[in-house]
Amino acid sequence: MNKKEFINILNMKINVSKNELETILNCAQDLLLDMLLKGQKLNIKGFGTFFIKEKCERKYYDIRLNKVCFVPPKKVIVFKCNKKLI
């Protein structure tokens with residue numbers, strides 16, 4: 001399901017215009033990203049938790065260069081769902 005389909009389903013269930021729904025979803029997305037970039041967790045009761053996890057540096061063998069190279073560490077967004085959803 002993409003964003004347009006999600007907005008259409010919400011529009012059928014809630015009598016709010018599509019433009020207002022899209023604005024609300026964009027604001028929620030911006031707020032989520034701001035909280036995560038500050039290092040905070042976002043816990044939505046009954047749904048799950050969003051948080052940032054840092055992946056370690058790892059090495060791999062590059063066949064073209066014929067040598068061992070390294071992938072730098074990076075941060076990824078992790079979602080852990082509520083037990084009720086499993």
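Source: prediction; values computed, not measured.
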Legend entry - Euclidean distance, Lys75 NZ relative to Leu37 CG, rounded to 0.5 Å: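 Rounded to the nearest 0.5 Å, the CG-NZ separation comes out at 8.0 Å.
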Inset, instruction - To the nearest 0.5 Å, tell me how far Cys27 SG sits from Leu32 CG. - result: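 If I round to the nearest 0.5 Å, the distance is 12.5 Å.
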Inset, instruction - Take atom CG of Leu85 as the centre, draw a 6.0 Å sphere, and report whether it contains more than 12 heavy atoms from other residues, nucleotides or ligands. - result: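 Yes, enclosed.
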Legend entry - Stepwise side-chain contact (heavy atoms from CB on, under 4.5 Å) check, Ile77 with Leu33: CA-CA 9 Å; Ile77 297 175; Leu33 289 176; 4.0 Å; yes
Inset, instruction - Start with the C-alpha distance between Asn26 and Lys3, add both sets of side-chain angles, then the distance that settles side-chain contact (heavy atoms from CB on, under 4.5 Å), and finish with yes or no. - result: CA-CA 10 Å; Asn26 288 337; Lys3 190 174 180 181; 2.4 Å; yes
Legend entry - Closest non-hydrogen atom pair between Asn2 and Glu5, with its separation: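 Scanning both residues completely, I find the closest heavy atoms to be OD1-N, 2.9 Å.
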Does one hydrophobic cluster hold both [X] and [Y], with members joined at side-chain heavy-atom distances below 4.5 Å?
X: Val76; Y: Phe79; result: no
X: Leu36; Y: Leu31; result: yes
X: Ile14; Y: Ile24; result: no

Legend entry - side-chain contact (heavy atoms from CB on, under 4.5 Å) assessment of Val16 paired with Asn11: CA-CA 6 Å; Val16 180; Asn11 189 23; 5.6 Å; no
Legend entry - Sub-4.5 Å side-chain heavy-atom contact between Phe6 and Leu21: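 SC-SC contact between Phe6 and Leu21 ruled out.
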Inset, instruction - Return yes if some donor-acceptor pair links the side-chain N/O of Asn8 with the main-chain N/O of Lys4 below 3.5 Å, else return no. - result: yes
Mind listing the side-chain donor-acceptor pairs of residues 40-62 below 3.5 Å, one per line with the distance, residues two or more places apart or on another chain?
residue	atom	partner	partner atom	Å
Asn43	OD1	Thr49	OG1	3.3
Tyr61	OH	Asn66	OD1	2.1
Asp62	OD1	Arg64	N	3.2

Legend entry - Set of residues satisfying side chain to side chain contact (heavy atoms under 4.5 Å, CB included) with respect to Lys13, sequence neighbours excluded: Ile9
